[in-house]
Amino acid sequence: MPELPEVETIAGGLASVACGRTIMEAVVRTPGIVPGTQEALSRRVAGRTVLGVRRRAKLLIMDLAGDLHLVFHLKMTGRVWVTHPAVDPNKHVHVVFLLDNGDRIFFEDQRKFGYCRLFSGSEIEAWPFYAGLGPEPLKIAPQEFAALFSGRTARIKSLLLDQGVLAGIGNIYADESLFRTSIHPRTRASEIPVPRLMELHRNLQAVLREAIDAGGSSFRDYRDAYGQPGQFQERFSVYGRKNQPCERCGTSLDTEKVAGRTSTFCRICQPPPER
DNA sequence: GGGATTGTTTAAAT
DNA sequence: GATTTAAACAATCC
């Protein structure tokens, strides 16, 4: 499940192979996966040079010449990767972009939850989801980070996952950063003192950077731009470790639904708030 | 077959 | 308005 570090890793890999290349053609292999017809998409991207590949929140964005922006959201099982011409797309590859050197970019998604859309510059700015995204966790200063939560009575986990509050955090890095800061996911944001929020800021940035350095986490389906899995899943402290011992105190880890999502935590290291 | 899994939107309830 | 819960979305796994 690609979150910030995974999309960041893909963007870096894609940038190194696609920047400066020109898209020759787009092939839509699954009808309905992109709005409009294959012909319309292909006509708009053909002949466009890839100027850059970047990440915003969990979105992977290829900036094309002519103020066009190819946007991917990978959701749960989506992948974007580059192959040599000899590799045949499997049945879950929904869109193929052919580059001028023969390499091909595959948009693959086993469950078809993800999407691929083409925007002009003004269209992407007017897109409510994009316009409403909160600040990037790796760019925000500690004081500003703490201010995001002031006066908020919602649970900290719910706000960490809220893309309008903070962009790019999903279930993995929410749980990992809360564990590192010894905060129970059900704690109300307003009950967390500012110095503790600043610790959360530091730990969140640290876990994101460590994950990026490790090439992301491949808990299930994630692969980088070259089809390779990441390594950070081997360093999870809590995510997916229900009933395994807490690495700090040895207590068996618990799970609880918070903000509608399974949250894994240590009931000793992260004491639960009053209900 | 029921429940869980992913992120996001939308609707309804509190 | 803020917050919470649930459903819906597609497909798969246990």
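We name chains A, B, ... by the order of the sequence lines, and we start the count at 1 in each one. Worth knowing before you read on, the calculation uses all heavy atoms, side chains too, and leaves out hydrogens, waters and symmetry mates. Given the structure is predicted, the values throughout are model-derived calculations rather than measurements.
- In terms of phosphate contacts, A/N171 brings no side-chain nitrogen or oxygen within less than 4.0 Å of OP1 or OP2 of B/dG7.
- Between the side chain of A/S42 and the main chain of A/E39, no donor-acceptor pair closer than 3.5 Å is present.
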Heteroatom pairs (N/O) under 3.5 angstrom, protein to nucleotides 12-14 of chain C:
none

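- Each end of the helix from B/dG2-C/dC14 to B/dT14-C/dA2 yields a helix axis from five base pairs, and these two axes differ in direction by 60° (to the nearest 10 degrees).
- The phosphate of B/dT6 (OP1 or OP2) has no side-chain N or O of A/K75 nearer than 4.0 angstrom.
- Across the protein-nucleic acid pair, A/L161 atom CG and C/dT3 atom C1' stand 15 Å apart, rounded to whole Å.
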Atom pairs under 3.5 Å: protein N/O with N/O of nucleotides 4-7 of chain C:
from, atom 1, to, atom 2, distance (Å)
C/dT4, OP1, A/R188, NH1, 3.0

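- The residue A/K242 sits apart from the nucleic acid: no heavy atom pair falls under 4.0 Å.
- For the OP1/OP2 pair of B/dT6 and a distance below 4.0 Å, the side-chain nitrogens and oxygens of A/Y239 include at least one atom meeting the criterion.
- Between A/F72 and A/F107, the ring center distance clears the sub-6.0 Å criterion.
- A/L160 has its CG atom 16 Å from the C1' atom of C/dT3, to the nearest Å.
- Listed pair A/Q163 / B/dG7 fails the phosphate criterion, with no side-chain N or O lying under 4.0 Å from OP1 or OP2.
- Not one side-chain nitrogen or oxygen of A/H73 sits closer than 4.0 Å to the OP1 or OP2 atom of B/dG7.
- Of the candidates B/dG7, B/dT9, B/dT5, B/dG7 carries the atom nearest the A/K58 side chain, counting heavy atoms from C-beta on.
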